[in-house]
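One structure is given here, and the rest of the page talks about it.
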Protein chains: 2
Amino acid sequence: METEPARIIQGRCPEALMQLADDSIDLIVTSPPYADRRASTYGGTPPEQYVAWFLPIADQLHRVLKPTGSFILNIKESAVKGERHTYVLELILALRKREQRPWLWTEELVWHKRNCYPGKWPNRFRDSWERLLQFNKQRGYYRNPEFSGASAEGNQEDEQEDEINNGLDGNVLQLATECGNAGHSAAFPEELPAWFIERLTRPSALVLDPFAGSGTTLLAALRLGRNSVGVEPQDKYCQVIRQRLEGETRRLL
Amino acid sequence: METEPARIIQGRCPEALMQLADDSIDLIVTSPPYADRRASTYGGTPPEQYVAWFLPIADQLHRVLKPTGSFILNIKESAVKGERHTYVLELILALRKREQRPWLWTEELVWHKRNCYPGKWPNRFRDSWERLLQFNKQRGYYRNPEFSGASAEGNQEDEQEDEINNGLDGNVLQLATECGNAGHSAAFPEELPAWFIERLTRPSALVLDPFAGSGTTLLAALRLGRNSVGVEPQDKYCQVIRQRLEGETRRLL
DNA sequence: CTGCACTATGAATCGCTAA
DNA sequence: GTTAGCGATTCATAGTGCA
């Protein structure tokens, strides 16, 4: 089997994931289409059907993940008729109770978006955070010892971060969203997958994003010396991913 | 009926709440004992029984809350055997489906604790946030128009807050925890109830904390010119509350 | 090459109107 | 009744252009 730094599978989950071997992935970081969002590209799964839609994908992710691997799921329920949807809560409960392939709900981290969407409403605060759900196959998952404590370097940015995070890694990440990045409407900042890649894998690990989009997870993996696999149905975005990866590869030479 | 700025009911929920009239409370802000915590004072409800324990209390809170009132529940599930408990998720779902007294799950805010408990675990990030669940009886709840947007004044403190909170109110609150405050183990900072009292009530409103503890919610209400009711079973803490309230009253004169 | 002004836009939400 | 579509609201970034 050829080892390439980054592999793109053009296809749809869960079918496309069947190309991957059991217990072969060290880390999954992904942001699936949220319920009723991105309808033009993903079909816009209604909230009521979201759990049923996601479970077969979760089973495949469980199969390909190493026992010591981690699965990070970025998601946020929207507000409808003044109330938050409950499908994310129901998804967490359903993943834990999966008969053949049950997940452990290890942790819930918070992505605090400094530059959240504008707006002012009489009955609602501005939505400025998203969930980062961590799931594992077993209790003893891998953590990189170099990133289990305080920042290694003490540059200005780190010091500012230390002031916020008190020196140790907390479960709140303060990162800005990307604006008009890579022509994709739902890209998270590269720092987000990078944060988890650094802490939850060792160098030359294999990272998977089953909803690759513009390929931010793959790019972060490449930059950190990890191998990666991305699944993306649209030809347009597969090309975007290749271009971004090639650009980074040229920069590294 | 005598109107007093702050009333302390020594007793236990839900029984003690039966002294309060229907539709009489403008805002409930509380931090109940978390599952398996504070066993000596509250009996330490096991996670499996937490929902069943809380539902009768929630019914009473629903009864006494005005239709336009809000209920803010500060809670965080603990981690056991490497996994987060799911009782908070189950509580949200159960409160919405309550037959006689269903709650709307309006919003979930995040309390980002900037100086959270120090420590370093091999398998876990530092726990630096808690949930602030907002529930309402109806979609149209009261919001104070003075606090629906940017800060009115531009003094130094406000500017600093603006820098953190992005000018407009988002649903992430960055507040420090109280350290050894008032001899109570589970005190939240006064800024926390104050933030909600300012935004969700008008002056001379009536604020309730059914798990008053050391009385931080009542103190915040007093300082903001609101009336308050607290329920607390222990004589020791009832005295602490009275002392703090008297101290603040003397300061106001 | 730096710095400042200006512009475009994003996982949003609400309320109204039309069908 | 109920749903579907559109306009208004609103601001931190990134990018562009020019002095």
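Below, chains carry the letters A, B, ... as their sequence lines are ordered, and counting in each starts from 1. Excluded from the calculations below are hydrogen atoms, water molecules and symmetry mates; all remaining heavy atoms, backbone and side chain alike, are included.
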Item to check | Spacing between A:R124 atom CZ and D:dT9 atom C1', to the nearest angstrom | outcome: 15 Å
Checklist entry - Does the side chain of A:R126 get closer than 4.0 angstrom to OP1 or OP2 of D:dT10 through an N or O atom? => result no
Checklist entry - So, is B:R139 near the phosphate of C:dG15, with a side-chain N or O under 4.0 Å from OP1 or OP2? => result yes
Next on the checklist: Taking only side-chain N and O atoms of A:R84, does any of them lie within less than 4.0 angstrom of OP1 or OP2 on C:dT13?
Outcome noted: yes
Next on the checklist: Let's test this: given Watson-Crick or G-U wobble pairing with both distances under 3.5 Å, identify the partner of D:dT10.
Outcome noted: none
Checklist outcome for this item: With the side chain defined as heavy atoms from C-beta on, A:A79 is closest, among C:dT13, C:dG15, C:dG10, to C:dT13
Next on the checklist: Please report whether the ring centroid of A:W195 lies less than 6.0 Å from that of B:F125.
Outcome noted: yes
Next on the checklist: Side chain of A:P118, heavy atoms from C-beta onward: which of C:dT13, D:dT13, D:dC11 has the nearest atom to it?
Outcome noted: D:dC11
Next on the checklist: Between P on C:dG10 and CD on A:E130, what's the gap in Å once rounded to a whole number?
Outcome noted: 15 Å
Checklist entry - Using a distance-only test with no angle check, is there a side-chain donor-acceptor pair under 3.5 angstrom linking A:D59 and A:Q100? => result no
Checklist entry - Out of A:F196, A:W105, A:W103, A:Y141, which residue meets the ring-ring contact (aromatic ring centres under 6.0 Å, His included) rule with A:F71? => result A:W103
Item to check | Value in whole Å for how far the P atom of D:dA12 lies from CD of A:Q174 | outcome: 15 Å
Checklist outcome for this item: Taken to the nearest whole Å, CG/A:D127 to P/C:dC14 is 10 Å
Checklist entry - Considering heavy-atom distances to DNA chain C, does A:G82 or A:T177 have its closest nucleotide positioned more toward the 5' end? => result A:T177
Next on the checklist: I'd like to check the salt bridge (Lys or Arg N to Asp or Glu O under 4.0 Å) partners of A:R251; sequence neighbours left out, ordered by chain and number.
Outcome noted: A:E248
Next on the checklist: What I'd like to find out is whether the side chain of A:L192 reaches to under 4.5 Å of the side chain of A:L132, using heavy atoms alone.
Outcome noted: yes
Next on the checklist: Measure CG/A:N115 against P/C:dT9 and give the value in whole Å, please.
Outcome noted: 16 Å
Item to check | Atom-pair distance (CD on A:E178; C1' on D:dT13), nearest Å | outcome: 9 Å
Checklist entry - Over how many whole Å does the gap from A:F125 atom CZ to C:dC14 atom P extend? => result 13 Å
Item to check | Nearest-Å distance for atom pair NE2/C1', residues A:H85 and C:dT13 | outcome: 12 Å
